[in-house]
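Only one structure is covered here, and it is reproduced in the block below.
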Amino acid sequence: MTTLRIATRKSPLALWQSEHVATALRAAHPGLQVELVPMSTRGDEVLDRPLAAIGGKGLFLKELEVAMLRGEADCAVHSLKDVPMDLEPGFALPAILERADYADAFISNRFEDIGSLPQGAVVGTSSLRRQAQLRALRPDLQLRDLRGNVNTRLAKLDAGDYDAIVLACAGLHRLGLGDRIRSRLLVPDWLPAPAQGAIAIECRDDDPAIASICAALDHAHTRTCVEAERAMNRALHGSCHVPVAGYAALDGDALSLHGMVGCAEDGRSVRAFSTGRADDPAALGRDVAEGLLRQGAGEFLPPRG
Ligand SMILES: NCc1[nH]cc(CCC(=O)O)c1CC(=O)O
């Protein structure tokens, strides 16, 4: 191969993540040429409607997958939390990079944390998962939609449209905006999206040469954790239509997983925690999903079938 071509979305965060992968691949394979193929996706273009209404997270992948099928790119870089639980047939994730900060960030120009917001304050987030957790902690808050890339969302906060917003710490750190974080929202009180903070490389599953180049960046510890989180989400039929949150930690051989399913409208939620073996993260994910369903999570999930 002469040059490895990475398909990427054009948002500043996507470009940062793809550059990060390109740099790491060049370091892992001296002499390898790597270039980015930036492209726009429907998820980036339709900003006036909630993601759930226009087809969900897969929208951020589709155009990049088409480019790989057409031979215009060899692989694509994604935030793993935006990757659907079941990949399109014919694709694989040969590398999951070491997870950065997993936590959500509370961001405000006037308030330090959720607890110090005044009664009835306006908080911006379009994430059902974040809305459900905010409602549970503070039923008085007014939650308003907030879409667009990270810089757009910060600009809307600065324009005074919101008293506070919630974003992922990882994205802020990557864009050099870590100083905007007023407080980190931490496990177990607040759970992130499954796989938040992890970057994945996707490629065609019929191209072992490319998969093996990418696999040099795989981080086994992170893969174990996010497999537990994604197996839980899969067992719940989670998607961006459902407020599902989860975070797994690995300490030696001991894997643990916190899970939550909630209701964005009224903040009701169920939570589960369990521990399992590092060599079977999917079993732990299913175990926590069963615990959530036993407690009535089904009520918050869309009808099956
Ligand atoms: N939903 C968009 C998205 N996808 C990944 C990140 C941040 C980086 C990450 O979580 O890996 C963000 C922004 C955010 O949620 O604030």
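In listed order, ligands and their atoms are each counted from 1.
Atoms of ligand 1 found under 4.0 Å from any heavy atom of Leu167, numbered from 1 in the order shown, are 16 (O). Taking a cut-off of under 4.0 Å to the non-hydrogen atoms of Ala168, the atoms of ligand 1 that pass are 7 (C), 10 (O), 14 (C), 15 (O), 16 (O).
Only the side chain of Arg130 comes within 4.0 Å of ligand 1, judged by heavy-atom distances. Contacts between Ser79 and ligand 1, counted as non-hydrogen atom pairs separated by less than 4.0 Å, involve the side chain only.
Residue Lys81 has at least one N or O atom closer than 3.5 Å to an N or O atom of ligand 1. Annotation: Asp82 places an N or O atom under 3.5 Å from an N or O atom of ligand 1; distance criterion only. Residue Gly171 has no N or O atom closer than 3.5 Å to an N or O atom of ligand 1.
No more than 12 heavy atoms of other residues, nucleotides or ligands shown are found within 6.0 angstrom of CD on Glu265.
The shortest heavy-atom contact between Pro281 and Ala278 is CD-O, 3.4 Å.
Remark: Arg277 engages Asp279 in a side chain to side chain donor-acceptor pair (under 3.5 Å) (not counting sequence neighbours). Among residues two or more places apart in sequence or in another chain, the side chain to side chain donor-acceptor pair (under 3.5 Å) test is passed with Glu202 by His78.
Residues Thr8 and Glu19 form no side-chain contact, since every pair of their non-hydrogen atoms from C-beta on lies 4.5 Å or further apart.
Between Leu13 and ligand 1 there is a heavy-atom distance shorter than 4.0 Å.
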